[in-house]
Structures are given as structure tokens and as C-alpha cells.
Amino acid sequence: MTSTDVHKDVEDSGPSGYAAARLRLLQEGARSGPPRRSALSELTDDWLAGLFSAGSEQPRGVSLIAVGGYGRGELSPRSDLDLVLLHDGSDPTAVAALADRIWYPVWDLGLALDHSVRTPAEARKTAGEDLKVQLGLLDARHIAGDLGLTAGLRTAVLADWRNQAPKRLPELQELCAERAERQGELQYLLEPDLKEARGGLRDATALRAVAASWLADAPREGLDDARRRLLDVRDALHLTTGRATDRLALQEQDQVAAELGLLDADTLLRQVYEAARVISYASDVTWREVRRVLRSRSVRPRLRAMLGGGKPVPERSPLAEGVVEQDGEVVLARAARPDRDPVLPLRAAAAAAQAGLPLSLHAVRRMAAHARPLPTPWPAEAREQLVTLLGSGPSTVDVWEALEAEGLITQLLPDWERVRCRPQRNAVHIWTVDRHLIETAVRASEFTRRVHRPDLLLVAALLHDIGKGWPGDHSVAGEIIARDVAGRIGFDRDDVAVLAALVRHHLLLVDTATRRDLDDPATVRAVAEAVGSQGTLELLHALTEADALATGPAAWSSWRGSLVADLVKRVAAVLAGDAPEEPEAAAPTAEQERLAIEAVATGGPVLSLRAQTEPPVTAEDQPAGDPEPLGVELVIAVPDQPGVLPAVAGVLAVHRLTVRTAELRALDLPDGVEGSVLLLNWRVAAQYGSLPQAARLRADLVRALDGSLDIAGRLAERDAAYPRRRGVVAPPARVAVASAASRHATVIEVRAQDAPGLLFRIGQALEDAGVRMRSAHVSTLGANAVDAFYVTDAKGAPLASAEAASVARKLEETLRG
């Protein structure tokens, strides 16, 4: 067939008619989205089928197949046509002529064409060598010719894919990871590539391929809608630019938004980010399931051989009340009742983040569907679990995203909805507002040893930009929101005021340090008046650095850091005054006095356990339930003797009791009662399971004090029995001497990652140092222990400076060892 004949056939097939119909379809304002893509695919099918059958003889043993996006019937206005001309190899010359008859009209219209001519054997061989070809063939769709030939190839390709899935799926995951590394994450980019970036259309196609393997499947809720949104945006991008592009450039976003009938470019980006987040989360869950299945397939045959057959029972390791680890994921315990345990979502999330493990999709969905709303204000445990989650470092991000994917975050914090997926049109920012807030908490977790109240630092990090969802100055709006949120989650009035001040002034230090004359006394005085106290200044300094580091590489530098540090030093000097008078010791209650007298009489420890609860919340549609547990108050009176603190702390650790707060002080006895008694007031909670009986605690405490209970050995033996988890890499412990904090004792401050036996190790180290303990103030804020110990020498005087520094240094070495 000559070139003239080819063009004559093309003209007979009506390319101009197709072009005109295509143009009319794309200009129809009433038809867009999936209906338009489907109609465009059908129109193109009809045209190509006409080209296929336009010759004088109908070809045999040949079929025309659409693959890739065209195969899925998802043609955008400027999409490539991905075609395969499949033949049985009986007449190569006729097939070549047929190919010319189809390809040339496509090129003549200026349409992009990705084409190949292959036999079924060649197609399968190429697919086996090229993963991208195989992915395209998974969406093969018949257009014209021999239907049996197309069906045979589809069946063979799907069978090959399923048989080769254990080998090809890791290859596909690696391909997705490499692409994400090059293109970035769609849900955060200001000029995203809708197709190639992580969470884009290629990842959605990869999820379809995983599902076709029958090895694993993606979470389906919202996935099709997310794909549709991205395809709609790509359609509008093609129409407004007239180009086959997938990159949503800044200068084109307003036009694309208008084409889609959206308010503005920010609304457009937010919809894109929401869709990308759905696809990204589905990808994370799916690839985790693929790895689990492949791992189990490689392990179970060996286990069956060792065990003599049968299905192995998955190991379940407790993490917290109602929460266990199973098969590398955090799942709910069999006895967990989300409908009766409103703190469970936060407890599970905190346990997962602390262990560095993902939350299982099933667990998150079950909690989202059945968890009771938290009362207002939140119980203390809920607040502590939130702080623990926020302070878990980088692993916080994945756990937070899992909660957010199922709507749990907005259930807990309704104000979050306004900042969720909100873009930041500032070249300095690399994250959306919500992700920036979480990144700030991640950064702040590195500074928890620098502040006295790490819980306030972490919550301020979460809330500092919460006002960006409202008009006006986001710091002013954020202060109002932060005050409301802090009150709802259970902080007291003073803490609420501090959090509100931190949010209101979170830009104060860096703005002042970089834009004002620090040698002007008025500048420093103004900052001091705004901050108000040394404690708030300390928190604001840490928040400023965490915020800048979480913004992007351009937002912080050693120069900025030095300017801010200089300002903080000057403001601290203004705020510093005479050390405040130490408060008088509180008079003992009747219960405490009774325990103290009994301890003197018996010569041994006496204790009482009392559960602390909050009244249940009632609502119109929710009946009152049982009181919410806050923990257990444990009061212990012990005749004054060495080793009391490590003994008590060690016994509690052996019984798996978590210490939330603790105080130790000498108690003045009533007139006529001789002796000296130490009073310990603790708030404790069981890590999981039920509380031990008071009689058993006392018996073990007696043994600990007389030396017959080897606490260190018991703790070491228990630790060895449990597998080590990757967990969170916490900042190292920090021990400091608080100079001028007390006229009567030396104050040693300890800030460390909370862990079983931590207080026992601290108490033992101080005992070994030969110092006397005048009092102790212990608090656990989330995952952080913040403790202060008032110690003296043997004569009851404060330690000399050199001795105090030596004790602090040795204690820090003990905790870091």
C-alpha cells in the first residue's frame, strides 16, 4: 500500500469529523469529570475502530487494545493515546499496513501516541522485563478486531502478574519510593505534579495493581473519589493551558479553580491536598500489608515444619491498657471496649508512637466508629496521653495521620478542621498548616529537657498556628482558640493563661531579635512585659526554635539562633528579682497524721490506696455512665531512714505502676509523739491490668527497706523477658543544679524520658552519692519526667557548689548509661 493510499483511507475514515466532535465535547460546559472522560474515550474508540476496519479486507488474528489511562477509560483533554496492536504473527505485512492506517491519522491530528505492535508472546515477554509495560497491560481494554485474542492476553497477563506478585510488588514499591523521592509529596507542594508526586495518580494506579495481584488490597473508602478529584483537576489544567501537563503551576491555579467552579486557588489546593492525603495513606497501609503478607509467607512454612503443621498463633505483646502489639502493628486488645473507654484512641496512639509502630487500620476504624466522645474538660489521663503522643518524636507523624485519616483528630479537636490541608503561600514554609503544627511538636520533643513544663511546650507547639484558619492576625485569633482548647482538654487556669500567651507571642522573640535594636532598653522591657515570667520565657524560647525548624531550612540559622538567645538572656535579666520566699509546708491532713502516728508505732511503712475519679458526663443523647478513673492516690508514711525513695519507687515499678506525680517530705508530728516520719504522696496508674492489693504493696515495701527484695534484679529480669522494640529515640537525660532556688537545700533538677524504674534509679543514685533528701517533687508530663530533689549534706546544710555539680554529673551519667 502506497503512502497516497494510506492517506486516502485516513480521509475516508473521517479524521476531521472526529476532531470536530472532540472539540465540541471538550467545550460542553454541562459535561465534565467522569462523564466527559468516558465520553471522550468512547468517541476515540469509535474513531479508532473505524480506522481499524477501513481497509478493503478485514484483518484476522489482529486486535486493537487500549492500555494505561486510556484502557481505564480516563482520557483527559490532552492525554496520550496508549495503544497496542496485537496480532497472532500469521501476516506481519498486513499488520504493518494496518498499523500505518491507524497511527498516521492520530499523528496528523497532533495527538500524543504511545504505541506498540506485538504478538501475545512478545507482549508477555516485554511485560516480564518492563514493570511499566506490565502495569499498562493490567488495564488492557478491547477496542476492535479479534476479541478472543484480547481476552487471551488479558487472562495471561493477569495470571502472570498474580504468579509473579511476590517478586514484582517489592519492585513496584521501590519504583514508587524512588518517584516520591524525586517529585516530593503532592499533599504539601505549592506547585505539585498531579501524576508523579507521592499521593498522585501514579500511586493510585499502583494501588489498583496491588489489588489485582490478590495479595493485598487498599483501603477503599474515599479512594475512588480522591482519584476522581485529581483527574478533574488535571482535565481543567489541560483545558486552561492547552498543554499536556500534569504540573499545577502557581500562575495557572486561579484559572484552574475558576474552570472547576471553586472559590479560589487556595480552595483548589486544599482539595488537591485532601485527595493526595487519602491516596498516600492508602499507599502506606497497602504497602505495609504487602510486606506483612510476604513476610508471613516466607516464615510460616518453616514454622509449620518446626511445629508439625497447623497455623501459628500471632504473638500479642501488651503496650497499654486495651492496647497490644501484634505482627508489627498496634491493635486493640480482645477485651478493649472503645464504646466504654473514651481515652482509648489517645492511649493507643500514644502507645504506638512511643513504640515506633503503626496503628492498624482496623483498630483506627473501630475506634472512629465506636469511641465515646471525651467529657469536657478531658480527664487527666487523656491530657497526659495527648502529651505523650506529641512528645514521641518523628513517629508522631504517622500515628497522627492514621487518626486523621479516619476523622478522629477532628472528633478530639474540632478546631483542627480549619487548618487541615490548608496551604501556606510562603516560600519559607514547606508544609501545610496542619503538618507544620505536627512537625513543630516533633521538633519541640527534642527540647523537652530545656523546660520545666514540657507538656505546655508540646501543646503550644500543636496550637501555635491554629489561628491560621481564621481571618485577621493568626496570633490574635490563635490566642482565643488556644485558651478555649486548653480549657477543654483540662489544663487549669494558670496553665491556660500560659498556653494562650505562648500562642499569642510565638513570633515575638524572633521578630524582635531580627527587627529591633536589642541595645535599646525599651525593646527588652517591652518583651519582658509581654512574656511576664521566667517560666513563660523559657517555654517561648524553645517554642520559637521548634517553630522555625519546622517551617523549613530558610527559617532558622545559627545567626538567628544567636540573636534570639541574646534577647532571651537580656529579658531574663529584666525578669529576674529576689528569689521568692519558699512556701510554708502544708499542714498534714487527718489521714496523713493518722498514717504517720501508726508508722511510728509499728516501726514500719503504712500506706493507703484511694481511687480518684471524675463524675460522668451527661448529655441529651448520652446517659450518665460510671465515673471516669483518674488514677490512684497512694499515701505512704515511713519512719525516716535511708533509701526510702528508691525502695518505694522500685516496688511500684515491680508492680507495673506508673508514677504520674509524687511528693516526699518530712512530716512534723503532733506534740508528745517522738520520731521522724517521711510522708510520700503519689498518684499512680496501672500500665495495664488491675491494681495490686495494698497489703501486697506493703509487704514488698518492707522487704525492699530491709534489703531482702532485689528490686534491681527483678526489673532487669523482667526487661530481659520482653523483646526490645525500635521505639522512639528520646533526647538524653539532663540533670542540673538550680542555683538560688532554695536557701535551705540544694535543688537538683532531672528531666528525662519516663520509663519503668526511672525514679528507682534516680533515688538509688542519690542515695549512693551520700546526700540527704529534704523533699522531692516528681511529675510525669506525657512521656517526660520532670523531677526536683531538695538535698542537703549530712549536717542538713546545702551542698557546696563543687559537690552539687559532682552529684548532678554522676546522676546524669547514671541515667545516660
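All residue numbers refer to positions in the sequence shown, counting from 1.
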When you look at Ser533 and Thr536, which way does the side-chain hydrogen bond (donor to acceptor under 3.5 Å, both in side chains) test go after all the steps?
CA-CA 5 Å; Ser533 71; Thr536 303; 2.9 Å; yes
Look up atom [atom1] in [X] and atom [atom2] in [Y], then write down how far apart they are to the nearest 0.5 Å.
X	Y	atom1	atom2	result
Ile409	Ile438	CD1	CD1	7.0 Å
Ser779	Arg453	OG	CZ	7.5 Å
Leu815	Leu758	CG	CG	6.0 Å
Asp640	Arg772	CG	CZ	7.0 Å
Gln354	Ser392	CD	OG	3.5 Å

Evaluate the criterion salt bridge (Lys or Arg N to Asp or Glu O under 4.0 Å) for residue pair Asp768 and Arg761; output intermediate values, then yes/no.
CA-CA 10 Å; Asp768 293 343; Arg761 295 172 64 199; over 6 Å; no
Do any N or O atoms from the side chain of Arg383 and from the backbone of Gly490 form a donor-acceptor pair under 3.5 angstrom?
yes
Taking the side chain from Gln326 and the backbone from Ser317, do they hold a donor-acceptor pair closer than 3.5 Å?
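Judged by distance alone, no pair lies under 3.5 Å.
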Asn784 and Arg449: side-chain hydrogen bond (donor to acceptor under 3.5 Å, both in side chains), yes or no, with the steps?
CA-CA 8 Å; Asn784 297 284; Arg449 303 297 177 260; 2.6 Å; yes
Run His777 and Phe789 through ring-ring contact (aromatic ring centres under 6.0 Å, His included) and show every step you take.
CA-CA 6 Å; His777 306 272; Phe789 302 93; 9.1 Å; no
Stepwise salt bridge (Lys or Arg N to Asp or Glu O under 4.0 Å) test for Asp787 and Arg751:
CA-CA 6 Å; Asp787 307 335; Arg751 303 171 195 176; over 6 Å; no
Glu479 and His505: side chain donor to acceptor below 3.5 Å:
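No, because no side-chain N or O of Glu479 sits under 3.5 Å from a partner of the opposite role on His505.
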